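Residue numbers start at 1 and run along the sequence shown. The structure displayed is predicted, hence computed values, not measured ones.
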Amino acid sequence: MSYNCLFTVLTDAALVDETLDHAIAMAAAHNAHLDVLCLGVDRSQTGYYYAGASAVVLQETITRAQEDADAIDAKVRHRLGNEDILWASEKGVCQLADMGRHVALRARFSDLAILPQPYGDNRGAELEPATESALFDGKTPALIVPAGGKPNAAPKRVLVAWNESVEALSAVRAALPILTAADEVHVAIIDPPTHGPTRSDPGGMLSQYLARHGVKVEIDVLSKTLPRVSDILMRHAEDMDADLMVMGAYGHSRFREAIFGGATRSMLEHATIPVLMAH
């Protein structure tokens with residue numbers, strides 16, 4: 001497996017450079033083609049006319065979204081025109097409620113989506129559905145890049161969050177091109193079950209699978225000493241000076257994570273290193 005087709009969607013001109021930094025680095029490292037979707041998002045309410053609304057007001061929102069798409073596309077073309085990689089950029093306008101369809105359609109024909117962190121200061125409401133659409137509807141693994149993070153297309157130390165879930169295994173498989181090239185891969189298991197077929201050898205089958213792919217792997221069994229799983233993982237990532245984290249996304253439903261919180265939501269909010277996720 002290799003990353004031949006990369007994809008990113010950009011909806012904010014302020015996030016173009018930091019997202020493209022990572023996307024360009026990955027495209028150059030893997031000799032991949034990068035597809036960029038520049039979207040101007042109409043964030044007005046859909047499905048009804050609010051009091052006093054007119055065709056002029058509605059046209060203004062569409063015009064504003066078109067101007068945003070033009071500005072993002074121009075910035076992307078100027079940046080990528082100076083890079084020695086294969087790339088294509090297209091632009092369009094959509095409403096917030098409908099953007100997931102456009103993102104998923106293009107994401108599903110890529111090996112990896114590279115997306116900005118969806119939560120945080122000055123992050124638009126459209127970044128969350130863009131991320132979820134790539135993961136759920138596009139069935140595509142996503143590399144989530146944090147604000148201010150430095151691009152690293154060949155991470156040397158990788159932390160894999162392992163809980164034996166289908167989502168975690170999907171993330172591991174999606175990350176194999178990176179894992180096989182890393183110097184160290186640590187599989188973190190938090191409070192492994194005391195009953196079950198893997199109780200005497202937590203992470204053993206995954207370790208064997210990775211080793212057969214030539215991955216230099218170690219198993220780290222951790223205690224749940226902090227209330228949130230995400231906090232334990234991030235602290236361990238800091239302790240080992242990890243360049244990348246690999247984890248499954250949304251083992252619980254998106255609704256449950258949005259209301260009650262969860263490891264995925266917390267990681268998307270607070271991660272300080274890139275996180276490769278798959279569902």
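Listed for the Ser207 side chain is no donor-acceptor partner under 3.5 Å among the backbone atoms of Gly203. Without hydrogens or angle criteria, Asp42 side chain to Ile62 main chain gives no donor-acceptor distance under 3.5 Å. For the pair Thr8 (side chain) and Ile114 (backbone), a donor-acceptor distance under 3.5 Å is present. Between the side chain of Ser110 and the main chain of Ala113, no donor-acceptor pair closer than 3.5 Å is present. At distances below 3.5 Å, not a single donor-acceptor pair connects side-chain atoms of Asp35 with backbone N or O atoms of Phe7. With Lys75 contributing its side chain and Val16 its backbone, the two residues share no donor-acceptor pair below 3.5 Å. Checking side-chain atoms of Thr180 against main-chain N and O of Pro177 turns up a donor-acceptor pair under 3.5 Å.
For the pair His102 and Leu105, the minimum side-chain heavy-atom distance is 4.5 Å or more. The closest side-chain heavy-atom distance from Val9 to Arg106 is not below 4.5 Å. Side-chain atoms of Val217 and Leu179, non-hydrogen and from C-beta on, never get closer than 4.5 Å to each other. Under the 4.5 Å side-chain criterion, counting only non-hydrogen atoms from C-beta, Leu206 is not in contact with Ile219. The shortest distance between side-chain heavy atoms of Pro118 and Ile144 falls below 4.5 Å. Residues Glu164 and Pro192 have side chains not in contact (no heavy-atom distance under 4.5 Å, counting atoms from C-beta outward). Side chains of Thr140 and Phe109 form no contact here, defined as non-hydrogen atoms less than 4.5 Å apart. At least one side-chain heavy atom of Glu90 sits under 4.5 Å from a side-chain heavy atom of Leu37.
Within 6.0 Å of atom CG in Asp70, more than 12 heavy atoms from other residues, nucleotides or ligands are found, so the atom counts as buried in its surroundings.
The minimum heavy-atom distance linking Leu210 with Leu176 is given by the pair CD2-CD2, 4.0 Å. What you find for Arg101 and Asp98 is that their closest heavy atoms are NH2-OD2, 2.7 Å. When all heavy atoms of Val76 and Cys38 are compared, the closest pair comes out as CG2-SG, 3.9 Å. Met99 approaches Cys94 most closely through the heavy-atom pair CB-SG, 3.3 Å.
Residues Leu80 and Leu15 do not share a hydrophobic cluster, defined by chaining ILVMFWY side chains whose heavy atoms lie under 4.5 Å apart. Val166 and Leu276 are assigned to two separate hydrophobic clusters, defined by single-linkage of ILVMFWY side chains at heavy-atom distances under 4.5 Å. There is a path of hydrophobic side-chain contacts, each under 4.5 Å, that joins Met245 to Val229. Placement of Leu159 and Leu226 within a single hydrophobic cluster is found when ILVMFWY residues are connected by side-chain heavy-atom separations under 4.5 Å, directly or transitively. Put simply, Met277 and Leu127 are part of two different groups of oily side chains (I, L, V, M, F, W, Y) that touch within less than 4.5 Å, one to the next.
Evaluation of the salt bridge (Lys or Arg N to Asp or Glu O under 4.0 Å) test over residues 76-89, restricted to residues two or more places apart or in two chains, returns Asp17-Arg79, Asp21-Arg79, Asp73-Arg77, Arg79-Glu83.
When each of Arg228, Gln117, Arg265 is checked for a side chain to side chain contact (heavy atoms under 4.5 Å, CB included) with His270, only Arg228 meets the rule. With Leu143 as the fixed residue, the side chain to side chain contact (heavy atoms under 4.5 Å, CB included) test singles out one of Ile178, Leu244, Leu6: Leu244.
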